[in-house]
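For the numbers below, each heavy atom of this structure counts, side chains included, while hydrogens, waters and symmetry mates do not. Order of the sequence lines fixes the chain letters, A, B, ..., with proteins taken first and strands second; residue numbering starts at 1 for each chain.
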There are 2 protein chains.
Amino acid sequence: MADAFSAAAEPTRRRLLQLLAAGPKTVSELAEHFTATRPAISQHLAVLADAGLVTARKEGRHRHYSVVPAGIAQLRAEIDRFWSTELELLVADATKRATTHPEEHHS
Amino acid sequence: MADAFSAAAEPTRRRLLQLLAAGPKTVSELAEHFTATRPAISQHLAVLADAGLVTARKEGRHRHYSVVPAGIAQLRAEIDRFWSTELELLVADATKRATTHPEEHHS
DNA sequence: CGAATAGGTTAGCGTGGACTTACGCATTTG
DNA sequence: CAAATGCGTAAGTCCACGCTAACCTATTCG
């Protein structure tokens with residue numbers, strides 16, 4: 001099984017996951033949101049499926065793709081594992097500094 | 001400025017960020033944790049720097065790399081924007097189902 | 001000053017990934 | 001049944017990317 005983090009990071013696949021999070025959709029429906037051709041979207045979906053993030057349910061001549069909750073949970077776990085305590089503290093420090101001294105942001 | 005999400009997704013760079021989160025380090029110190037050569041690590045650091053995630057402080061003949069809190073905060077924002085409400089609900093549903101009916105997990 | 005250390009830069013290589021075009025297969029519909 | 005629809009797959013192209021080897025610069029130390 002592929003690395004969920006890497007699979008989900010690609011911009012097109014990121015959007016695909018967001019679109020599918022709102023509910024199941026067919027490949028053609030999804031492809032309408034992109035400039036890329038339908039086969040390209042189909043291949044992206046295959047990558048996501050290989051990472052266990054989406055699955056397809058066959059229904060007539062349609063293929064309804066939907067998100068796999070367990071896969072999304074695993075992706076979440078990967079993100080959380082990456083997002084260590086140290087990084088969390090750094091962000092907390094950064095946002096605190098930004099709200100306290102907004103103009104000290106010399107570019 | 002490059003996409004922080006994509007930059008941080010690459011496995012080697014993911015580890016670099018985690019190592020740097022624990023505190024500033026030189027390129028050689030970082031390179032010890034990998035099988036890749038030092039120039040490779042140096043290039044990964046350049047990618048992270050281009051994404052605004054790390055910065056280098058020159059000190060003698062050493063370059064101490066460290067994480068940029070503001071960049072990490074922006075990465076966090078990108079992740080949060082990706083992690084929409086729908087995805088959150090799916091995960092909540094998945095974990096709930098897993099803890100409630102553990103054996104219904106037919107592979 | 002010359003050797004050694006730290007590290008950025010370049011050129012070039014190989015691979016993978018994103019993409020398109022073309023095709024094949026199933027399913028529905030007239 | 002024939003045309004049309006929905007979609008996966010194969011083949012081929014192109015480019016970005018990760019990597020190494022080689023080189024160059026700056027700094028420290030004998």
Atom-pair distance ([atom1] on [X]; [atom2] on [N]), nearest Å:
{"X": "R14(A)", "N": "dA18(C)", "atom1": "CZ", "atom2": "P", "result": "12 Å"}
{"X": "R38(B)", "N": "dG7(C)", "atom1": "CZ", "atom2": "C1'", "result": "5 Å"}
{"X": "H44(A)", "N": "dG17(C)", "atom1": "NE2", "atom2": "P", "result": "11 Å"}
{"X": "E29(B)", "N": "dG7(C)", "atom1": "CD", "atom2": "C1'", "result": "13 Å"}
{"X": "R57(A)", "N": "dT27(C)", "atom1": "CZ", "atom2": "P", "result": "16 Å"}
{"X": "L45(B)", "N": "dG8(C)", "atom1": "CG", "atom2": "P", "result": "7 Å"}
{"X": "R61(B)", "N": "dA3(C)", "atom1": "CZ", "atom2": "C1'", "result": "11 Å"}

Item to check | Minimum side-chain heavy-atom gap W83(A)-I79(B) below 4.5 Å | outcome: yes

Next on the checklist: In the structure I gave you, are the side-chain heavy atoms of S66(B) and L20(B) within less than 4.5 Å of one another anywhere?
Outcome noted: no

Next on the checklist: Let's see if you can work this out: which of dA18(C), dA4(C), dT28(C) has an atom nearest to the side-chain heavy atoms of R13(A)?
Outcome noted: dA18(C)

Next on the checklist: Under 3.5 Å, is there any donor-acceptor pair linking the side chain of R63(B) to the base of dG7(C)?
Outcome noted: no

Item to check | dT20(C) base / Q43(A) side chain donor-acceptor hit below 3.5 Å | outcome: yes

Checklist entry - Cluster question for you: counting only ILVMFWY and a side-chain heavy-atom cut-off of under 4.5 Å, with indirect links fine, are L87(B) and L75(A) together? => result yes

Checklist entry - Going only through I, L, V, M, F, W and Y residues with side-chain contacts under 4.5 Å, is there a path from F82(B) to L45(A)? => result yes

Would you tabulate the side-chain donor-acceptor contacts of residues 1-13 of chain B under 3.5 Å, counting partners in other chains and residues two or more places apart, or write 'none'?
from   : atom 1 : to     : atom 2 : distance (Å)
D3(B)  : OD1    : F5(B)  : N      : 3.2
D3(B)  : OD2    : R14(A) : NH2    : 2.5
D3(B)  : OD2    : S6(B)  : N      : 3.4
D3(B)  : OD2    : S6(B)  : OG     : 2.5
S6(B)  : OG     : R14(A) : NH2    : 3.2
E10(B) : OE1    : T12(B) : N      : 2.9
E10(B) : OE1    : R13(B) : N      : 3.0
R13(B) : NE     : A7(B)  : O      : 2.6
R13(B) : NH1    : H44(B) : ND1    : 3.0

Next on the checklist: Using a 4.0 Å heavy-atom cut-off, does E10(B) contact any base of the nucleic acid, only the sugar-phosphate backbone, or nothing at all?
Outcome noted: sugar-phosphate

Checklist entry - Which is true for F34(A) with a 4.0 Å heavy-atom rule: it touches a base, it touches only sugar-phosphate, or it touches nothing? => result nothing

Item to check | Residue mapping more 5' on DNA chain D - nearest nucleotide basis, H62(A) or A46(A) | outcome: H62(A)

Checklist entry - Contact boundaries of DNA chain D with chain B (under 4.0 Å, heavy atoms), 5' to 3'? => result dG18(D) to dT28(D)

Checklist entry - Any donor and acceptor pair, going by atom type alone, linking the side chain of R63(A) with main-chain N or O of K25(A) inside 3.5 Å? => result no

Would you say [X] reaches [N]'s phosphate, i.e. side-chain N/O to OP1/OP2 under 4.0 Å?
{"X": "T26(B)", "N": "dA6(C)", "answer": "no"}
{"X": "T12(A)", "N": "dA18(C)", "answer": "no"}
{"X": "K58(B)", "N": "dG7(C)", "answer": "no"}

Next on the checklist: Please enumerate all residues that pass side chain to side chain contact (heavy atoms under 4.5 Å, CB included) together with Q74(A), with sequence neighbours excluded.
Outcome noted: E78(A)

